[in-house]
2 protein chains.
Amino acid sequence: MHTDDLAIELLRSAAGLSRWASRHADLEIPWAQARVLSLLEELGPARITALAEVDATSQPTMTTQVQRLEATGWAHRTPDPADGRATLVSLTAAGHEALATARRARAAALRPVLEQLDADPERLRTATAVLTELLEATRTTPAREPGRAGS
Amino acid sequence: MHTDDLAIELLRSAAGLSRWASRHADLEIPWAQARVLSLLEELGPARITALAEVDATSQPTMTTQVQRLEATGWAHRTPDPADGRATLVSLTAAGHEALATARRARAAALRPVLEQLDADPERLRTATAVLTELLEATRTTPAREPGRAGS
DNA sequence: CACTTTACATAGGTAACCTATCCAAATCAA
DNA sequence: TTGATTTGGATAGGTTACCTATGTAAAGTG
């Protein structure tokens with residue numbers, strides 16, 4: 001099916017580009033932690049479990065990540081007033097700043113590439129919009145559990 | 001600068017999408033290893049050092065990855081006839097197959113998202129083309145070493 | 001022929017993940 | 001209200017994927 005070829009190529013390039021940007025940027029923060037900061041920005045104060053689910057990681061992994069973020073001062077935990085078991089994780093101002101810095105660093109790494117390509121801004125805008133829509137769509141997709149093969 | 005905002009958004013979506021696909025796909029192979037297979041396919045038989053450089057990892061890391069790939073039967077090492085120190089790494093048929101399978105799995109995970117979006121094929125094609133061009137461009141970009149801050 | 005460089009391997013450490021399990025708070029049954 | 005179940009999070013222990021520092025042997029170089 002031709003659509004799948006397109007999807008394969010889309011994912012291949014997206015992955016390659018993102019990795020390249022990360023590896024050539026001066027990141028002062030491990031990328032996995034930046035990802036959690038990004039989630040926190042997107043969701044607002046959230047529970048560990050909710051974060052783990054959206055990030056598609058295990059709950060223990062998310063617990064550890066949040067602990068690291070808190071130790072660095074990028075995130076803050078408050079007991080959930082509505083549920084004694086739960087904690088609400090939120091971004092601190094420093095965390096917000098760290099996220100912005102990391103994003104700028106990745107974009108800066110990519111800048112020479114964009115310039116070299118001298119890309120048509122319109123196509124670039126289209127590409128970005130498509131990717132954003134796709135990512136948005138993943139948030140509301142049934143999410144076929146990995147574990148069974150699905151043709 | 002507006003271009004940077006665009007770049008930030010582009011990278012954010014690309015990273016998110018790629019990760020989502022990986023996490024929701026049934027991968028029988030660690031993604032980092034699939035990446036090396038992908039490089040081998042792209043470069044043909046190559047030295048450890050060359051692979052490390054293109055993948056922007058350290059040489060010891062690449063040594064380990066290649067060892068793992070060889071142990072699983074996905075890659076094959078031959079001494080470089082032209083240089084007694086070097087080894088040439090190449091894909092085996094099984095490696096080629098494993099790579100194709102992993103790619104199909106990621107694409108399959110993305111399929112419901114594409115369908116849900118019912119995306120205009122033309123825009124999708126444009127987005128893919130732009131990403132591919134950008135990734136292509138990274139291969140020939142001066143690659144500002146990470147280690148110094150760049151503007 | 002020593003001297004340096006180059007290609008790779010090894011050693012030892014950390015981050016980022018996993019499953020399995022535990023604890024405490026919340027909920028549900030009767 | 002008590003006892004059993006579910007749910008939110010933490011802990012334990014292991015693997016993969018990375019790193020820097022260093023070792024070893026082959027290749028180039030004066």
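All figures in this text were calculated on a predicted structure; none of them were measured in a lab. To find a chain, count down the sequence lines: A is the first, B the second, and so on, and within it residues start at 1.
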If I take atom [atom1] in residue [X] and atom [atom2] in nucleotide [N], what distance separates them, rounded to the nearest angstrom?
X       : N      : atom1 : atom2 : answer
B:Asp80 : C:dT6  : CG    : P     : 16 Å
A:Ile29 : C:dA16 : CD1   : C1'   : 14 Å
A:Leu27 : C:dA15 : CG    : C1'   : 14 Å
A:Asp55 : C:dC18 : CG    : C1'   : 14 Å
B:Leu37 : D:dA17 : CG    : P     : 11 Å
A:Glu53 : C:dC18 : CD    : P     : 13 Å

Under 4.0 angstrom, heavy atoms only, what part of the nucleic acid is A:Asp83 near: base, sugar-phosphate, or nothing?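 The answer is sugar-phosphate, as A:Asp83 gets under 4.0 Å only of primed atoms, P, OP1 or OP2.
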Is any side-chain N or O of [X] closer than 4.0 Å to OP1 or OP2 of [N]?
X       : N      : result
B:Ser58 : D:dT20 : no
A:Thr57 : C:dC17 : no
B:Arg85 : D:dA27 : no
B:Gln33 : D:dT16 : no
B:Arg19 : C:dA16 : no
B:Thr87 : C:dA7  : no
A:Gln59 : D:dA10 : no
B:Arg35 : D:dC18 : yes

Where along residues 61-78 of chain A does a heavy atom fall under 4.0 Å from DNA chain D?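 Listed by number, they are A:Thr63, A:Gln67, A:Arg77.
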Measuring only between side-chain heavy atoms, which start at C-beta, is B:Leu69 closer than 4.5 Å to B:Val89?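 No, too far: nothing below the 4.5 Å cut-off.
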Got A:Leu134 and A:Leu10 here, is their nearest side-chain heavy-atom distance under 4.5 Å?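 When only atoms from C-beta onward are counted, A:Leu10 and A:Leu134 do touch, with a gap below 4.5 Å.
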Could you check A:Pro30 against A:Pro60 and say which one's nearest nucleotide on DNA chain C is further toward the 5' end?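 Mapping each residue to its closest nucleotide by heavy atoms, the 5'-most match is A:Pro30.
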Would you verify whether the NZ or CZ of A:Arg106 falls within 45 degrees of the ring axis of A:Trp31 while also being under 6.0 Å from that six-membered ring's centre?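 Judged by the rule, A:Arg106 and A:Trp31 form a cation-pi pair.
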Polar side chain donor-acceptor pair, A:Gln65 to A:Thr57, under 3.5 angstrom: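 Result is no, nothing qualifies.
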Using a distance-only test with no angle check, is there a side-chain donor-acceptor pair under 3.5 angstrom linking A:Gln59 and A:Thr63?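 Yes, A:Thr63 and A:Gln59 have a side-chain donor paired with an acceptor closer than 3.5 Å.
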At what distance, to the nearest 0.5 angstrom, does CG of B:Asp80 lie from CG of B:Leu88?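 Here the rounded value is 4.0 Å.
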CD of B:Glu122 to OG1 of A:Thr126: how many Å apart, nearest 0.5 Å?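 The CD atom of B:Glu122 sits 10.5 Å away from the OG1 atom of A:Thr126.
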